[in-house]
Amino acid sequence: GQNVWAYNSNKSKAQTWKFVTESDPTADAPANGIYFIHNVRNSERVVDVYMGSAENCANVWLYDYNGTRAQQFYLRSLGFGNLYSIVNVYSNKSLDAYNNQTTSGTNIWQYTQNNTSAQMWRLVKNSDGSYTILGAKSNLAFDLYMGWTDNGTNIWLYTQNGTNAQKWVLKEAGDVA
């Protein structure tokens with residue numbers, strides 16, 4: 001790219017600018033709150049922290065809905081368009097891209113909140129009402145390993161492909177005691 005310079009007007013096309021209005025990225029953004037995150041391929045299974053762990057590095061997988069706090073996530077807008085932190089209600093740890101990696105196949109686990117880009121997620125609303133959850137740094141999607149929906153299927157980051165393995169439905173959990 002080229003630098004922009006302040007220069008005396010010569011009325012050339014190089015000094016003509018067009019302003020384009022873009023849509024508000026927050027228009028379809030979910031409200032801050034506590035949610036269960038279901039995959040569209042199997043609404044009976046949700047994002048879950050392995051064995052309800054409160055430890056750093058505990059894996060995140062797909063598991064049968066049971067309503068526990070290990071399956072409830074607090075979505076908090078970071079105030080930058082549609083960027084969010086996603087924090088497990090039970091452990092108070094953030095969903096995190098393993099070691100802040102940006103390659104397809106990077107695992108998602110929970111880790112102490114540290115406000116790094118590994119814990120920032122962009123929620124993009126799809127035409128069917130579901131969301132694609134993207135790593136803010138990697139632009140890779142939350143994805144079901146191999147598209148499977150079995151109990152214990154790993155959730156990792158994968159190149160965006162628009163399949164149902166990358167589409168997620170947010171269901172409000174309501175008040176949590």
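Just so you know, residue 1 is the first one in the sequence shown, and it goes up from there. Note that the structure is predicted; figures quoted are calculated from it, not measured.
- Using modelled atom types and a 3.5 Å distance limit, the side chains of Asn100 and Thr116 yield no donor-acceptor pair.
- Using a 4.5 Å cut-off on side-chain heavy atoms (C-beta onward), Ile37 and Val169 make no contact.
- With hydrophobic clusters built from ILVMFWY side chains whose heavy atoms lie under 4.5 angstrom apart, Leu75 shares a cluster with Ile155.
- Across all non-hydrogen atoms, the minimal contact from Gln166 to Asp143 is NE2-OD2, 2.9 Å.
- In this structure, CZ in Arg76 is found 4.0 Å from OG in Ser85, a value given to the nearest 0.5 Å.
- Across all their heavy atoms, Ala70 and Tyr90 have their closest contact at N-CB, 4.0 Å.
- With Gln160 contributing its side chain and Asn139 its backbone, the two residues share a donor-acceptor pair below 3.5 Å.
- Not a single side-chain hydrogen bond (donor to acceptor under 3.5 Å, both in side chains) links Asn99 to another residue, sequence neighbours left out.
- Considering Leu170, Val40, Asn164 in turn, Val40 is the only one that fulfils the side-chain contact (heavy atoms from CB on, under 4.5 Å) rule with Ser130.
- Considering Asp64, Asn88, Asp48 in turn, Asp48 is the only one that fulfils the side-chain contact (heavy atoms from CB on, under 4.5 Å) rule with Gln71.
- Using a 4.5 Å heavy-atom cutoff, the side chains of Thr153 and Asn151 are not in contact.
- By the 4.5 Å heavy-atom criterion applied to side chains, Leu83 and Ser77 are not counted as neighbours.
- Ser53 contributes no side-chain N or O that, together with a main-chain N or O of Tyr50, makes up a donor-acceptor pair within less than 3.5 Å.
- Closest non-hydrogen pair, Ser117 versus Lys137, comes out as OG-CD, 3.2 Å.
- Residues meeting the ring-ring contact (aromatic ring centres under 6.0 Å, His included) test with Trp121, sequence neighbours left out: Phe142.
- Residue Tyr98 qualifies as open at atom OH: its count of foreign heavy atoms under 6.0 Å is 12 or below.
- Counting only residues at least two apart or in different chains, salt bridge (charged side-chain N to carboxylate O under 4.0 Å, His left out) contacts with residues 123-136 comprise Asp128-Lys167.
- Considering every non-hydrogen atom in both Ser91 and Gln110, the closest pair reads OG-OE1, 2.7 Å.
- Under the 3.5 Å distance criterion, the side-chain polar atoms of Ser94 are left unmatched by any main-chain donor or acceptor of Asp96.
- When all heavy atoms of Arg45 and Thr149 are compared, the closest pair comes out as NH1-O, 2.5 Å.
- Annotation for Tyr158 and Ser104: closest pair CD1-OG, 3.1 Å, computed over non-hydrogen atoms.
- The same ILVMFWY cluster, assembled from side-chain heavy atoms under 4.5 Å apart, contains both Tyr84 and Ile108.
- Counting heavy atoms from C-beta on, the side chains of Phe73 and Val47 come closer than 4.5 Å.
- Trp156 and Trp61 end up in different hydrophobic clusters when Ile, Leu, Val, Met, Phe, Trp and Tyr side chains are linked at under 4.5 Å.
- Centroid-to-centroid, the aromatic rings of Trp168 and Tyr131 stay 6.0 Å apart or farther.
- Between Trp148 and Tyr145, the angle of the ring planes goes over 60°, which puts this pair in the perpendicular group of the 30/60° scheme.
- Side-chain contact check for Leu140 versus Leu134: every heavy-atom pair is 4.5 Å or farther apart.
- Taken together through direct or relayed side-chain contacts under 4.5 Å among Ile, Leu, Val, Met, Phe, Trp and Tyr, Trp109 and Ile133 form parts of separate hydrophobic clusters.
- Residue Asn114 holds its CG atom at 11.0 Å from NZ of Lys93, rounded to the nearest 0.5 Å.
- Judged as a side-chain hydrogen bond (donor to acceptor under 3.5 Å, both in side chains), and not counting sequence neighbours, the contacts of Thr68 are Asn66.
- At a cut-off of 3.5 Å, with distance as the only test, a side-chain donor of Thr112 or Asn56 sits close to an acceptor on the other residue.
- Expressed to the nearest 0.5 Å, how far CG of Leu95 lies from CE of Met120 amounts to 14.0 Å.
- By the 6.0 Å contact criterion, CD on Gln113 is enclosed, its count of non-hydrogen atoms from other residues, nucleotides or ligands being greater than 12.
- Listed by chain and number, the residues in a ring-ring contact (aromatic ring centres under 6.0 Å, His included) with Tyr74 amount to none (sequence neighbours excluded).
- In this structure the side chain of Phe36 reaches within 4.5 angstrom of the side chain of Gln72, judged on heavy atoms.
- With sequence neighbours excluded, no residue forms a salt bridge (charged side-chain N to carboxylate O under 4.0 Å, His left out) with Arg122.
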*Does the pair Tyr111 and Gln119 meet the rule for a side-chain contact (heavy atoms from CB on, under 4.5 Å), with working shown?*
CA-CA 9 Å; Tyr111 202 81; Gln119 299 180 352; 4.0 Å; yes

